[in-house]
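By convention in this document, chain letters (A, B, ...) are assigned in the order of the sequence lines, proteins followed by strands, and residues within each chain are numbered from 1. All values below come from the heavy atoms of this structure, side chains included, with hydrogens, waters and symmetry mates left out.
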2 protein chains.
Amino acid sequence: MSSFDRPGDVFLADCPARLAVEVIADKWAVVTVYALGRGPRRHGELKALIGGISSKMLTQTLRRLQHHGLIQRHAFAEVPPRVEYSLTALGETLLEPVTMLSRWAEANADAVLEAQDRMGIS
Amino acid sequence: MSSFDRPGDVFLADCPARLAVEVIADKWAVVTVYALGRGPRRHGELKALIGGISSKMLTQTLRRLQHHGLIQRHAFAEVPPRVEYSLTALGETLLEPVTMLSRWAEANADAVLEAQDRMGIS
DNA sequence: CGGCATCCTAAACGATACTG
DNA sequence: CAGTATCGTTTAGGATGCCG
C-alpha cells in the first residue's frame, strides 16, 4: 500500500498510520527518543539531558514509549537501584525521521522566530 | 553550528531548535501541513480531508502555523467568502521531514499496534 | 462558508511528598 | 535512585450559537 503520494489519504482520516502519529506528536516523546539515540541512558541522565522535564513526565513518557514498543527498560537488581532505557529495533527506525526533524529544526529555527515577531507579537 | 551528532545537545535543553520542536510536536499541525502538501486547500476541504478535527481546532492550528510562517492565508473578496491556505516556502521545507514521518508511520503502524497488545492491554 | 465567542469537560502538567 | 501518589492549576479541545 504505497498510496502516500496520491490525493488519497495517509496519516489523514482513520488509517493505522494515524495511530503512529500520536506517538510522535508528543514533545517529550520526540526529544526522549532523540536523547536515547546515542545509547542507553538512565532516568536521571535523561532528566538532566533533556532539561525542563519533570520526573513525572519523563517516567510517563518512557512508559508510553515502552508501551509502543519503541524503547526497552532494563532494571538491575542492585543497591542503589539502577534502571537503563534503550531504543528497541523499532525505536531505532524512528530515529531516522526524528533526526531529519532535528536537522530541520536546527536549520529553520531562526526563520520561525523571525516569522513570529514579524507577525504575532503586536 | 552543526553540533547535532556530538553528545552535546540539539533539540535538548534550551537551544532554538527546541522552539521549532513545539511546532511539529502537535498532532493536528503535522497532519495539516501534510494535507497542504499537495496544494492550496480551503477550510472546509481541510476539515473533510483530515477527519476528526473540529472547525475550532482547524482554525486554531492554521493560525498557529501561519504565525510560525509555515502557511499563508488568502481570503478572496467574494460572496460567499472563500479562503485558501497554502504552504509558504518555509512550510515546503518542513514537508520533507513530515513526509518521512508519514512513511515511517505507514511502515511501522502495525508493529506499534502489535507491541501495544503484546504489552499494555492485560 | 469561514471563523470568532462562549461554556464546559477532560486531559496535561508541575510541585510536593512519600515508598522500595 | 527510581518511581508512585495526590493535589491543584493550566491547557486542550468538543459543542453550540452568532456574525462577516
Side-chain angles (χ1 to χ4, degrees), chain A residues 12-14 18-19 21-33 35-36 39-68 71-86 119-120 122, chain B residues 12-14 18-19 21-33 35-36 39-68 70-87 119-120 122:
Chain A
L12 303 177
D14 290 315
R18 188 68 163 269
L19 206 158
V21 170
E22 318 242 334
V23 177
I24 56 90
D26 176 352
K27 182 184 174 184
W28 298 127
V30 176
V31 234
T32 304
V33 166
L36 284 173
R41 291 286 184 278
R42 304 179 56 175
H43 181 109
E45 292 173 329
L46 287 172
K47 191 170 184 307
L49 199 58
I50 292 176
I53 193 173
S54 64
S55 249
K56 178 189 169 183
M57 275 298 101
L58 180 54
T59 302
Q60 192 174 111
T61 302
L62 290 168
R63 286 284 126 79
R64 186 153 21 190
L65 290 172
Q66 187 187 2
H67 180 245
H68 288 155
I71 69 172
Q72 274 169 331
R73 197 188 108 112
H74 196 289
F76 300 86
E78 299 174 359
V79 179
R82 185 163 59 99
V83 181
E84 278 192 354
Y85 295 92
S86 58
M119 313 179 86
S122 54
Chain B
L12 302 178
D14 289 315
R18 188 69 163 266
L19 206 159
V21 170
E22 319 241 334
V23 178
I24 56 92
D26 176 350
K27 182 185 174 185
W28 298 127
V30 176
V31 236
T32 302
V33 167
L36 284 173
R41 291 285 185 277
R42 303 180 57 177
H43 181 110
E45 293 174 330
L46 287 171
K47 191 171 186 303
L49 199 59
I50 292 176
I53 194 174
S54 66
S55 249
K56 178 188 170 184
M57 275 300 102
L58 180 55
T59 301
Q60 192 174 112
T61 304
L62 290 169
R63 284 285 126 80
R64 184 153 22 187
L65 290 172
Q66 186 186 3
H67 181 245
H68 288 154
L70 298 175
I71 70 173
Q72 272 168 331
R73 196 187 111 112
H74 196 290
F76 299 88
E78 298 174 4
V79 180
R82 187 162 59 101
V83 181
E84 278 193 353
Y85 296 92
S86 58
L87 295 176
M119 312 179 87
S122 52

message = Counting only side-chain nitrogens and oxygens, does A/R63 get under 4.0 Å of the OP1 or OP2 atom of D/dT4?
response = yes
request  = When you get a sec, tell me which of C/dG14, D/dG13, D/dC1 is the closest nucleotide to the side chain of B/M57?
outcome  = D/dG13
Given B/L36, B/I50, B/T32, the one that forms side-chain contact (heavy atoms from CB on, under 4.5 Å) with B/R41 = B/L36
key: Rounded interatomic separation in angstrom, taking CZ from B/R64 and C1' from D/dT11   = 10 Å
key: Between C/dG2 (C1') and B/H74 (NE2): distance, integer Å   = 16 Å
task = Side-chain contact test, heavy atoms from C-beta onward, threshold under 4.5 Å: evaluate it for B/R63 versus B/Q66 and give yes or no.
result = yes
A/E45 side chain vs A/R42 backbone, donor-acceptor pair below 3.5 Å = yes
note = In whole angstroms, the gap separating C1' of D/dT11 from NZ of A/K27 amounts to 13 Å
ask   = Does a salt bridge link B/K27 with A/D26, judged by any charged N lying under 4.0 Å from a carboxylate O?
value = no
Selected nucleotide, minimal atom distance to A/T59 side chain, candidates C/dG14, D/dG3, D/dA12 = D/dG3
ask   = Do B/H74 and B/P40 have side chains that get closer than 4.5 Å, going by heavy atoms?
value = no
ask   = How many Å lie between CG on A/D26 and P on C/dA11, as a whole number?
value = 15 Å
Separation of atom CD in B/Q60 from atom P in C/dA5, rounded to whole Å = 12 Å
key: Interatomic distance, A/E84 CD vs D/dC1 P [rounded to whole Å]   = 15 Å
Whole-Å gap separating P (C/dC1) and CD (B/E45) = 12 Å
message = Please pick, from C/dT6, C/dG2, D/dA2, the nucleotide with the shortest atom-to-atom distance to any side-chain atom of B/K56.
response = C/dT6
message = Please report the distance, rounded to the nearest Å, between CD in B/Q66 and P in C/dG2.
response = 15 Å
ask   = Which atom pair, heavy atoms only, marks the closest approach of A/L58 to A/H43?
value = CD2-O, 3.3 Å
query = B/F76 ring centre to B/R82 NZ or CZ under 6.0 Å, with the angle to the axis within 45°?
reply = yes
inquiry  = Under 4.0 Å, heavy atom to any atom of DNA chain D: which of residues 75-82 of chain B qualify?
reply    = B/P81
